[in-house]
Structures are given as C-alpha cells and as structure tokens.
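Below, chain A is the first sequence line, B the second, and so on; all start at residue 1.
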There are 2 protein chains.
Amino acid sequence: MSGDVHAAVAARLQSADGRYTSARRRLVEVLAAAGQPLTVGDICRDSGLALSSVYRNLGVLEEAGIVHRLAGHDEFARFELAEELVGHHHHLACSSCGAMTDVRLPPDVEAELDRALSRLARKERFAIETHRLDVVGRCRTCASTGG
Amino acid sequence: MSGDVHAAVAARLQSADGRYTSARRRLVEVLAAAGQPLTVGDICRDSGLALSSVYRNLGVLEEAGIVHRLAGHDEFARFELAEELVGHHHHLACSSCGAMTDVRLPPDVEAELDRALSRLARKERFAIETHRLDVVGRCRTCASTGG
DNA sequence: CAACTTATCGAGAGTGAGTCTCATTCTGCA
DNA sequence: TGCAGAATGAGACTCACTCTCGATAAGTTG
C-alpha cells in the first residue's frame, strides 16, 4: 500500500496526541488492503490483534478521523478508512450476506445530489456534514447462488 | 391517522398469516403518528406495551414488509413504516443526538440518481432492491445549542 | 354458550457484540 | 539503566436485543 496513507495517518494521530503504534499501523494496513468495509471479526483475523485492542484502537483511529464506523445491513458494525484518505464513495450493501463493496458515482450525479441536499438542508436548518448513500440489494454471489 | 394505512397493514398481515391484534395496531399508530424513525425505547413509552412484545411484533411487522428497521448513527436501532405505506424518502440524521427526520428529494434528482445507480449495479452484477440516502449532520436543535 | 384449538402476550432469563478494568509490556527520554 | 506515561490484551462486565414458557385472548366447532 502507499506510504502516503501511513504518513497522513501518522500526522493525524500526532495532532490527536496519539502514537502510530504497530497495532494501529496493522489496522490501517488491513483496512487499506481490503478496499471495503470490514467487520471486527475480519479485522481480528487479518490483523492477529486481540479483540479488545482492535476495538480500542479503532476507537482511537475513529476519534482522530482516520477510520469510519458504519452500520451495515446485518448485526455487525463495519469499519473503513475515512473518506479524507480514500476519497468520497458509496456502498453496495448485500441484504443477504451483509457484505459491502465500495462504488463511486459519476461526478455530475454526485454534484447534482450535493446541490439538492444542500437546498433541503438549508430549508430544514440542518448543518450537513456528509451524506451516506447505500445501494441495498443482493451481491453477485448471493444473487447467483440464491443464498 | 388515515384508515387506509390500517387497511393496507391488515391486508399484508393476513397474507402473511398473522392477525392484526391490538398490540400491532398500537405499534402502527405510534409509528404513523411520529412521522420519523423511532427507537424501541420511544415505542415502548408511547405504546405502553412490554419490551418483549414490542420487539416480537416489530419483527412480525418487519417480516410482513410493514415496518422497516434502520441502523442509525447511535447505538439504537430505529423503526419506521415501510416505504410502500408512506412513500419513498430519505433521512436527516443528527450525528450528535441521533434523531432522524424524513425528507424527500425532488423527483428529477431522485430519477437521475436511480438511473446512475442502475448503471453502477448492472456493471457490478448487483441486484438492486432499494437505496438508502442519509444526510448526516447536526439537527436544528443540536446546531443551535452546540449540544 | 361451553369446550377446544391456536395464536398472542409479557415477565424474566439468556445471548453476544461491544466496552471497561487492570496487571503487564512497550516506548521515549535522560 | 532507570523512570514515566502510554499501549497491550485476557477477561469481566454492560446492555440492546432475543428467546422461553406459562398465562391469556381470539377464533371455531358443535
């Protein structure tokens, strides 16, 4: 993976008064290698870290704006690198197995959506931070196996 | 509230082999009156039903496609009437207090979004069922109080 | 209406994802 | 090398949510 991400993470952690320890580096590597949101179970397995360390460090990284927690379609929370690091994107969320895949909208559609949401928010006096767009359905695997 | 919703719910429940009992009717009334997704705590308080009954009947109603469970920004699941009953809409989700408010996109924006998502999904061989769009930010109250 | 059948109700026990504790280990510094 | 403060991880704990099961209500049949 690119060293840029590690540098950016180190900088963010430093300004958040945290160390870029080997455990945290491992988490970032696992998340970056996956390229899609992972459950804590996935992260534990891939990183070899203790459950409590995974949760604690994901919390630290989330606090520092490095990872992002998202509620999927199943009972498990999923984690991914923040959009500041990997760019704005959305997800295909399988309603059968819960898997999530990153996707990006064409820039013109994204721009029009942004404009429409800004108008809505202004009317409701709502201070937009970001938006989440999930496409819910059945992933390639589940659709073909009927799982 | 409109009797149409009750009739539609009764029909759906019947074809799902369930009764439209007073407890279930109360749940539908509470959800319809709220006009926004509610937590189980809210629903318990407003309906006066036992916790276990609320969960069980929300499960029955969800199975029958009458209510929809959604994972919010906080630790609580939230429930609302299905879009078939109240129409397609999205949410303003407060990242501070977790509250959610219903909003609707202009039809032309919604249509363009649909087209873009269909194209994406076709490319990924993903079978779209619906999409979820949440606008994340701070609600009027939290923005003004700094809560 | 009584007896029977089947579904629903709800108090309380149980489950498990996620959090917290704390003794140990690591890191940075002088 | 010694010290101070932070990080680690095994395990206890929390609590939203689910399950169990005896009690109760709603149909149904004669």
[X] [atom1] to [N] [atom2]: how many Å, rounded?
X	N	atom1	atom2	result
B:Arg25	C:dC9	CZ	C1'	18 Å
B:Gln14	C:dT8	CD	P	12 Å
A:Glu75	C:dG16	CD	P	9 Å
B:Phe76	C:dA17	CZ	P	19 Å

Pick the nucleotide of DNA chain D nearest each of B:Arg19 and B:Ala77; which residue has the one closer to the 5' end?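 Upstream on the strand: B:Ala77.
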Sole candidate of A:Glu110, A:Arg104, A:Arg132 that passes side-chain hydrogen bond (donor to acceptor under 3.5 Å, both in side chains) when paired with A:His90: A:Glu110
Distance in Å, [X] [atom1] paired with [Y] [atom2], rounded so as to fall on 0.5 Å steps:
X	Y	atom1	atom2	answer
A:Leu61	A:His68	CG	NE2	13.5 Å
B:Glu29	B:Asp46	CD	CG	11.5 Å
A:Asp102	A:His88	CG	NE2	11.5 Å
A:His91	A:Thr101	NE2	OG1	8.5 Å

Using the heavy-atom set of chain B and a strict 4.0 Å cut-off, write down the first and last nucleotide of DNA chain D that makes it in, 5' to 3'.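 Boundary nucleotides touching chain B, in 5' to 3' order, are D:dA16 to D:dA26.
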Residues A:Arg12 and A:Gly65: closest non-hydrogen pair is NH1-O, 3.4 Å
Between B:Asp74 (side chain) and B:Phe76 (backbone), is there a donor-acceptor pair under 3.5 Å? yes
So A:Leu13 and A:Val60, do their side chains get closer than 4.5 Å, heavy atoms only? yes
At a heavy-atom distance below 4.0 Å, what parts of residues 45-65 of chain B sit against DNA chain C? B:Leu49, B:Ala50, B:Ser52, B:Ser53, B:Arg56, B:Asn57
